J.: 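The structure's right below; bear with me while I get my questions together.
Remember, it's a predicted structure, so these values are computed and weren't measured experimentally. Note that these values count all heavy atoms, side chains included, but never hydrogens, waters or copies made by symmetry. Both counts, for ligands and for their atoms, begin at 1 and track the order of listing.
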Amino acid sequence: MKPLPFLLAVAIPLQAAVPVELLLLNGSIYTLDSAQPRAEAVAVRDGKVVFVGSNADAEKIRTGAKRVINLAGKTLLPGLNDAHMHLGGVGFRELEFNLEGTTGIADLRAKLQARVALTGPKKWIAGRGWIETHWTPSAFPTRQDLDDLTPDNPVVLTRADGHAILANSLALKLAGLDRSTPNPTGGEILRDPRTGEATGMLIDNAMTLVRRLVPPPTESEVAHALIVGADREIALGWTGVQNAGHSREEADLLRRLVAEGKIKLRIYDALSGPGPSTMAVESSPTRPGRGSAAEDLFTRGPVIGENAGRYTRRGVKLYIDGSLGARGAALLAPYADRPDTSGLLMQTETEMLPFLEDALRKGIQIQTHAIGDRGNRMMLDLYEKAFAAVPPAQRAVAEPRWRIEHAQIISPADIPRFATLGIIASMQPSHAIGDLFFAPGRLGKDRLAGAYAWQALLRSGAVVAAGSDAPVERGEPMIEFYAAVARRSLDGFANDDWHPEQRMTREQALRALTLDAAYATFEEKVRGSIEVGKWADFTVLSADIMRIPEPEILKTRALMTIVGGEVVSESR
Ligand SMILES: [Zn+2]
């Protein structure tokens, strides 16, 4: 391996008498430290980085090292950090009726038939993961597609994005839902245009009508799902995740599992805030909303960096609109492919503003789901109003680092407001490459200019943190990195008008998944790059994703995941 250019010799406060715990040698290391961007070796003591530099310098501290790993030229990155995901949802997706990759109605029916055979009579069947955008025809399924297979089982099948469900006739009947049932605020019961009967498709807040009947999982089932989910994340190379909104019970369980060492992943937790159906939307698929989990956070206050920085709880997740796929995203002008609607706003200013002001006083980070340009503008307006009403002197944290989750479609006039207001854009690259098949239809060409506008946001000075939104998406770091730099579907397709200029550079993508993701949780000084004094969180990859051709990024695997200097996952 040819010597790398080291910009400066790092002064190492290492006492030779105290051996390091872990020494990694012969790596192709990207540090994201501008003083020393590349290195060959890194050493760890007490869970933290104590040396970053050349192999030659590392040899001097080799004696007595508890473990030495020869990386044999493999790429080592700062530990990858998923800035938006749902750990319970990921775990339940692994354990429950998983409909990811369903190719059409016939496939959905075949999977359901197999599931019915495994399920006792009268028992609920809850599944997740179908998405009709790739089907032919690309239309929502209906209860009639399910009914003949499931006369005795109520069924609720959640769309991959978590913003729509398909229920069978029995489930609708148990919910007392008939043609006279009105649409709830922020939700829609899809109806047959000829008969007026519900089709079985329930959008956003209408999902609760059926979902509240599904028996919630027991505590031990939730614990099992969280552990399974965390193990999956670690195996994929994630060293930390930001859990975007769930119940207080789930948060307490997670905190305990981390304390007991059963979960090694770093967790940044956001609790579900007040508002209709919030908890039901994306997290544990069968766990219906039960009021505001966030109330507890306001009373007891944030938990910061517990268990050697492995557990933090200081966020509240809110929702302002729905998803683009289900046409629940709130747009400034009507949908191009359904001019009678411009989506749904889930909450009002009067409901939200006092809560936001209180969060500023208590030092709580707000993360609001906003997808449409109207949803995004409303949240920027509300954040701005709250900041004005509660000046820095009255805040628990002067720089609140509030976030907009997804920030998918932004009116170009609103793009600079993220940087001006200090709002973090928490975005999911994979959404852009999944949505490219239907977003042009929903939005029309003009609005695509502000859609998934990563580069415009970055150039305006905004911080973009990247995540996967698993289980809405697959949740694989290499898919997110590829999507960010290629902005093409997994098989290399992109529409002509899919704004390739909004791609991220590889360095920007890496930052968004590490250092900027850490900034989004107030942790850029303790993790997110490889520097002396920071937590020793690393991801070792099978290939150098900073250089290889784009399609090869998708073939790259995590060989090793290291959290706080501990090798928590290893494969070959
Ligand atoms: Zn989400």
J.: If you check every N/O/S atom of His86, which is the one nearest the Zn ion (ligand 1)?
T.: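 Minimum-distance N/O/S atom of His86 relative to the Zn ion (ligand 1) is NE2.
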
J.: Is there an N/O/S atom in Asp469 at a distance below 2.8 Å from the Zn ion (ligand 1)?
T.: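 So Asp469 counts as coordinating the Zn ion (ligand 1), yes.
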
J.: Surrounding CZ of Arg232 (heavy atoms of other residues, nucleotides or ligands, distance under 6.0 Å), is the total greater than 12?
T.: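 Correct, the count exceeds 12.
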
J.: Over 60° means perpendicular and under 30° means parallel, so tell me whether Tyr383 and Phe387 are parallel, tilted or perpendicular.
T.: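 Rings of Tyr383 and Phe387: tilted, as their planes differ by 30° to 60°.
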
J.: Are there over 12 heavy-atom neighbours, none belonging to Glu507, within less than 6.0 Å of that residue's CD?
T.: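 At most 12 heavy atoms, drawn from other residues, nucleotides or ligands, come within 6.0 Å of this atom.
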
J.: Salt bridge check: are Arg248 and Asp269 linked by an N-O gap of less than 4.0 Å?
T.: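 Salt bridge: no.
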
J.: Assess His406: does it contribute an N, O or S atom lying under 2.8 Å from the Zn ion (ligand 1)?
T.: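 No, outside the cut-off.
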
